Amino acid sequence: MSLLRTERKAKTRNSDDDMIPMINIVFLLLIFFMIAGQITPRSDDMSLPSSISEAELAESEIEITVAADGVLQLNGEAVQGELSESLNRLKTDEKTVVICRVHSSLPASTLDPVLRAVRALGVSRLQIATELAS
Amino acid sequence: MLISEQQTRRPLRVSLTPLIDVVFILLLFFMLSSSFVRFQQIEFSSSADDESSVSAAPDESHRVLLHADGEVSVNEQRFNVDDPALSEQLKQWLEKAVTVTVTAEADASVQRLVSLLDHLRQQGITQLDLSESWQP
């Protein structure tokens with residue numbers, strides 16, 4: 001009798017049932033990556049200067065990126081013409097923090113237009129993004 | 001008639017395979033596009049009225065000049081970064097609580113500049129300002 005019942009059970013089981021533990025794990029992984037990871041535009045040729053500074057990089061509405069080829073980007077868009085002109089279009093006040101991501105091997109003179117523009121804007125806080133030296 | 005009867009009678013079995021497909025695609029997307037690197041920062045609190053000092057001669061006091069080879073100049077004296085004489089000078093500035101302006105030579109790399117800033121911070125100087133680069 002019991003043999004008959006188990007046989008019938010095995011018949012109704014389908015292959016999907018075996019996948020449920022796997023789906024559980026896949027869902028867990030999915031949720032982990034969704035919550036723990038930050039989605040950022042990938043730029044493999046970007047290497048930020050390494051530093052021992054442990055101050056966390058804050059979120060900011062103004063992000064200036066200087067890529068390895070020296071091209072300036074403001075909030076992910078290439079800057080046409082003068083940087084200060086593009087910056088003036090954005091809303092700023094004394095509390096505004098400007099974040100500058102600059103490639104580590106560029107000469108220091110590439111920071112000049114950024115410094116000039118930030119000063120002209122009247123913003124007093126400039127942060128240079130770094131990577132923690134390992 | 002027959003068809004509808006068959007439909008209602010058939011036990012509803014939703015296959016999980018399409019769901020897994022979608023979940024896998026989402027998983028792959030999030031795995032590949034997310035980054036776990038936490039970025040740090042070095043902050044400058046440059047006063048906006050500092051504009052006039054930018055054009056001033058680089059031999060101004062409280063100014064650290066960074067050369068392209070990584071050495072620094074203070075008061076027209078050239079030091080190695082680890083030089084105790086430099087630490088002495090920095091200590092004096094630290095006691096006076098002045099804002100130290102860092103000026104890099106145009107050819108010095110950003111990495112060198114950041115390393116110098118790290119060094120200054122290690123010496124206790126937190127009031128840092130960065131001025132435009134200087135062409136020797």
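Below, chain A is the first sequence line, B the second, and so on; all start at residue 1. None of the values given here were measured: they were computed from a predicted structure.
- When heavy atoms are compared at a cutoff of 4.5 Å, B:I20 approaches chain A solely by way of its side chain, counted from C-beta outward.
- Using a 4.5 Å cut-off between heavy atoms, A:L111 contacts chain B through its side chain alone, with no backbone atom that close.
- With a threshold of 4.5 angstrom between heavy atoms, B:D118 approaches chain A through its backbone and through its side chain.
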Next item on the list: Applying side chain to side chain donor-acceptor pair (under 3.5 Å), run through B:S73 and B:H67 and close with a yes or a no.
Entry: CA-CA 8 Å; B:S73 281; B:H67 296 277; 2.6 Å; yes

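- With a threshold of 4.5 angstrom between heavy atoms, B:L16 approaches chain A through its backbone and through its side chain.
- For a residue to count as touching a neighbouring chain, one of its non-hydrogen atoms must lie under 4.5 Å from one of that chain's; by this rule B:Q135 does not touch chain A.
- The side-chain heavy atoms of B:V110 and A:H103, taken from C-beta on, include no pair separated by under 4.5 Å.
- The nearest pair of heavy atoms linking A:T110 to A:V66 is CB-CG1, 4.4 Å.
- With a 4.5 Å cut-off on non-hydrogen atoms, A:I99 does not touch chain B at all.
- Counting heavy atoms from C-beta outward, A:N75 and A:L90 have side chains that approach closer than 4.5 Å.
- Under 3.5 Å, the side chains of B:R121 and A:S51 contain no donor-acceptor pair of N or O atoms.
- Contact count against chain B (heavy-atom pairs under 4.5 Å) is highest for A:A55 among A:G37, A:S105, A:A55.
- Contacts of A:I23 with chain B are made by side-chain atoms alone, with heavy-atom separations under 4.5 Å and no backbone atom involved.
- Contact count versus chain A (heavy atoms, under 4.5 Å) is highest, among B:L117, B:V23, B:V114, B:I42, for B:I42.
- Both the backbone and the side chain of A:I128 come within contact range of chain B, judged by heavy atoms closer than 4.5 Å.
- Counting non-hydrogen atoms of other residues, nucleotides and ligands closer than 6.0 Å to CD of A:Q80 gives a total of 12 or fewer.
- In this structure a side-chain-to-backbone donor-acceptor pair under 3.5 Å is present from A:S53 to B:Q41.
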